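Each remark here refers to the structure printed beneath this line.
On a predicted model such as this, the values are computed, not experimentally measured, just so you know.
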Amino acid sequence: MKASNSTTYRSMMLFLNSTTSKLQDLQVATATGRKMNAASDNPAGVSPVLLTRSRMLSAENHYENNLAAIDRLKAQDTQMAQAENLINRAIELTVSAGNGTYSSYEREVLASEIGDLRNSMVSLANGQMDGKYFFAGFNDLTPPFVENPAHAGDPTQPPMLYQGDQGRKQLEISPSETETVNFTGSAVFLGDEDGDGVTDPGRVDIFAVMTGIEEALLADDAAGATAKLGDLNTALEQISINRSQMGVVANRIDRANENIQDMELDLEEVLSRYQDADLIESITEMTQQEQALQAAMDVTGRLSKLSILDYLR
């Protein structure tokens with residue numbers, strides 16, 4: 001079939017348009033560092049890229065939530081450590097109260113310090129972060145512990161009342177793993193794990209123990225005060241056990257975050273395979289396309305100048 005000048009010209013224009021389009025794509029890829037800047041660049045890669053990005057977003061959310069939980073657990077651990085210090089000091093004072101040479105005035109001074117220690121323990125039990133109380137369960141906008149007015153008239157009544165609940169907050173630390181990230185005040189300070197209002201066997205109401213020692217010393221009852229040394233040791237163990245459990249939770253969340261970081265690296269590699277351009281390859285191909293485009297433009301320019309008069313010389 002005989003090719004006319006117009007046919008040749010149209011073919012060259014199609015080639016120019018195609019080459020220009022490829023060159024623009026390569027220029028964008030080189031500038032952005034990505035070979036996939038639109039769905040049309042790789043239709044088959046759209047679904048994997050969207051899925052990978054979704055997984056990366058989920059992993060990032062888990063990671064940030066875990067960091068916030070770890071911060072709260074660290075703050076609670078600080079409260080627990082201070083509580084242990086308070087109990088240790090109470091033990092020292094109670095042992096001193098058993099000194100037979102102490103006068104009633106000296107025991108009254110000891111009682112005053114024990115009372116201060118108890119008040120400090122209440123402050124720790126009512127500790128909060130970002131306006132939310134650590135040990136109140138789900139009812140974390142309300143201070144978990146308040147003075148019991150009934151105790152003044154009836155020493156058998158507990159000195160402190162628990163206003164929180166038994167809510168255990170579950171945090172999804174990874175897509176297939178959850179962890180309890182709070183400890184209730186009734187379990188930690190009242191020794192009442194199930195929240196039935198009764199101190200569990202082998203546990204103590206720490207506030208009641210410290211208040212009992214204070215009242216015994218105010219009554220100059222050294223024997224009554226020192227009789228509670230065993231309860232103070234139980235209180236120390238009670239705090240330590242909860243603190244250890246808290247440490248286990250924090251370590252588990254730390255491991256989850258380490259796994260999330262590893263997973264994010266793997267997901268970034270997957271995303272890179274679909275999206276990232278090989279800059280050396282892109283620049284080389286772009287140079288080749290520029291040369292092809294220049295050559296095509298030269299040829300097209302010459303064709304556009306041809307006429308029948310060029311052949312009638």
### Message
A quick test of your reading: do over 12 heavy atoms of other residues, nucleotides or ligands sit less than 6.0 Å from CZ of Arg55?
### Response
no

## Note on the structure
Residues passing the side-chain hydrogen bond (donor to acceptor under 3.5 Å, both in side chains) test with Arg255, sequence neighbours excluded, are none

### Query
Do Ile206 and Leu190 have side-chain heavy atoms sitting under 4.5 Å apart?
no

### Approximate separation, where rounding is to 0.5 Å, of Ser186 OG and Gln163 CD
13.0 Å

### Query
Under 4.0 Å between a Lys/Arg side-chain N and an Asp/Glu carboxylate O for Glu258 and Arg252?
no

### Task
With sequence neighbours excluded, give me every side-chain hydrogen bond (donor to acceptor under 3.5 Å, both in side chains) pair touching residues 144-154.
His151-Glu215, Asp154-Thr156

### Task
Taking all heavy atoms of Arg107 and all of Gly100, pick out the closest pair and write down the distance.
NH2-CA, 4.3 Å

### Task
Compare all side-chain heavy atoms of Ile87 with those of Met121 and state whether any distance is below 4.5 angstrom.
yes

### Task
Determine, for Asp77 against Arg243, whether the closest basic-nitrogen to carboxylate-oxygen distance falls under 4.0 angstrom.
yes

### Polar side chain donor-acceptor pair, Asn66 to Asn257, under 3.5 angstrom
yes

### Query
Is there a side-chain contact between Phe145 and Leu161, using heavy atoms and a 4.5 Å cut-off?
no

### Task
Starting at CD1 of Ile260, measure out to CD of Glu60 and round the result to the nearest 0.5 Å.
10.5 Å

### Query
Which residues pass the side-chain contact (heavy atoms from CB on, under 4.5 Å) test with Glu92, sequence neighbours left out?
Arg89

### Minimum heavy-atom distance Asp194-Asp196, with the two atoms named
OD1-OD1, 2.9 Å

### Query
Can you tell if the side chain of Glu237 reaches within under 4.5 Å of the side chain of Ile241, non-hydrogen atoms only?
yes

### Task
Identify the two heavy atoms, one from Asn182 and one from Arg168, that lie closest to each other, and give their separation to 0.1 Å.
O-NH2, 3.0 Å

### Query
Do Tyr162 and Phe189 have ring centroids that are under 6.0 Å from one another?
no

### Task
For residues Met263 and Asn259, determine if any side-chain heavy atom of one lies less than 4.5 Å from a side-chain heavy atom of the other.
no

### Same apolar cluster (I L V M F W Y, side chains within < 4.5 Å links), Phe183/Ile70
yes

### Leu171 and Thr178, any side-chain heavy atoms less than 4.5 Å apart
no

### Message
With heavy-atom distances below 4.5 Å as the criterion, would you say the side chains of Thr180 and Val249 are in contact?
### Response
no

### Query
Just wondering, do Asp192 and Thr199 contact through their side chains at under 4.5 Å, heavy atoms?
no

### Query
Does a salt bridge link Lys169 with Asp140, judged by any charged N lying under 4.0 Å from a carboxylate O?
yes

